[in-house]
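For reference, the structure discussed in these notes is given below.
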Amino acid sequence: MIKFDHVTKRYPGSNEALRDASFTIEAGEMVFVTGHSGAGKSTLLKLIAAIERPTSGTVLVANQNISKLKPSATPFMRRRFGLIFQDHKLLYDRNCFENVILPLHINGVSGTEAAKRVRAALDKVGLLNKEKAMPITLSGGEQQRLAIARAVVSRPSILIADEPTGNLDASYAADIMDIFQAFNQVGVTVIVATHDALGMSAVQGRVLHLDHGILKEGERLTS
Amino acid sequence: MTNWLNQHVQALRLVLNRMQYNKLSTFMISIVIAVALCIPGLFYLGVDHLSKFTNHMQSETEISLFLKLDSDKDAISEIETVLAKNASIKHYHLVPKAQAWEELKNKAGTGQKKEKNITSLDKNPLPDAFFIQAKSAEPDALESLKNELQSIPGVEHALLNTDWAKRLSAILALGKKIILFITLQLAIALLVVIGNTIRMQILTQKDEIVVSKLIGATNSFIRIPFLYAGVLYGFFGGVLTVLLLTLVVKLFNVFITELSSLYSSDFSLPLVNSQLFISIIGIAMLIGWLGSYLAVSRSIASIKIS
């Protein structure tokens, strides 16, 4: 599904954010990317999601070489992913329903079919009763769940979350992790970057540990 | 196909919602467009109507054919057969010198001084004359017909009195060119104004653009709402221009009819010129589209997601 082959990423005017990383993630896996802040976790996720291009090496996602992707093909590649960010990246000028429907509009789904799928996604994260609420009125945990609903509404095969629990307290964080676990159990590949061991306490999955841009395969987490 | 249509309907709905939310700024940009387009529109309306008026005058112009003073009946009938054969003549009539003399005397009868002058002439100084209406109203065709008639033997002088009309229409043609120039300049100004407005909107919606790009929106998906915004600004501005023009024409007509009645004419500007109105709205929409297209293409490329 996802294959890194000797991937190095260097940002202009800084050290290598990721050095010679090689690994494979199979379809349906649950993978945690761990490491201190600045270790290159976000870079690794951005390389998968075609937000950044590698300086050298190849990144393959579903047998497509990300570094050779044409700009016109990039949007279609991104639609394979559900992306979740630490700062949610919600749109605060529209309500929850309208936030979640955005990926469907981009995919050309509309009308009752879209509304049905939005409600299903909101239901999965427990926000069905808040569809008319504005995101700013939600708590941090609820906002993150809303972001998850938006990420999963177009039924992507890969979920990528960058520090999804970074700003949340432990019980909210556990909620979020449970949701990811549930998606993983129905066959979605889930990749979560986190520096926070608490959130992982009750979950299982493979760990990719980064230390100053160098990848070390960690032990498997089992609960 | 339905996807494509959906995308456009959604974009249009989104833009209309935004405009409703920002009624005042939408109204203000429309006013800017309306005022800028109203000026050349008004000039055009005046010049266009005036040129139609002069065309009408030109088409009514007769060619006067004055015969030699010593023409006898045979010479007159000879010329008449030549005129009857000429295909480019609609109709003609003969005014014999005796009739013209009577008419002149009658006309001059009102003024004492003139009467004296005319009665002091002991014999009729006027020639026989044909008054000819041509089929074509084209100045060139009239000119060549005049020359043709001039060359008929027995004709003293052929007179085509369209020179003043020609001069006027030349001035009007110049006026139209000036209007075109002003319109072009204002169009460029509008391009910049609309482009700037759209650019500001793009900046305020930067978050949305970034998020949309992250979840796989194509550039055209992001661009479409802004293009619609530009076109709609143009549309509203165009409609406002038409309203403004109608209002101004209505006000002006009061003064124009007053003025033209002094010249014993019934000249006034027409209230509705649908062709002009449709062109104004069309041009405004085109300017809106172009302005936003230029702004959007540059601004969206400059927004980086990483």
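Keep in mind the model is a prediction, meaning the values are calculated, not measured. Protein chains get the first letters and strands the later ones, always in sequence-line order, with residue 1 at the start of each.
For chain A, the nearby parts of B:Glu208 are the backbone and the side chain; heavy atoms of each come within less than 4.5 Å. Both the backbone and the side chain of B:Ser212 come within less than 4.5 Å of a heavy atom of chain A. Using a 4.5 Å cut-off between heavy atoms, A:Tyr92 makes no contact with chain B at all. Proximity to chain B (any heavy atom under 4.5 Å) is restricted, for A:Arg150, to the side chain, taken from C-beta onward.
Taking the centre and axis of the six-membered ring of B:Phe181, the NZ or CZ atom of B:Lys177 falls outside the cone set by 45° and 6.0 Å.
By the 4.5 Å heavy-atom criterion applied to side chains, A:Arg145 and A:Ile176 are counted as neighbours.
Side chains of B:Gln201 and B:Arg18: no donor on one and acceptor on the other come within 3.5 Å.
Note: A:His36 and A:His212 have tilted aromatic rings, judged against thresholds of 30 and 60 degrees for the angle between ring planes.
Looking only at distances, a side-chain donor or acceptor of A:Ser22 sits under 3.5 Å from a matching main-chain atom of A:His6.
Interface remark: of the candidates A:Thr74, A:Leu91, A:Asp93, A:Leu91 forms the most heavy-atom pairs closer than 4.5 Å to chain B.
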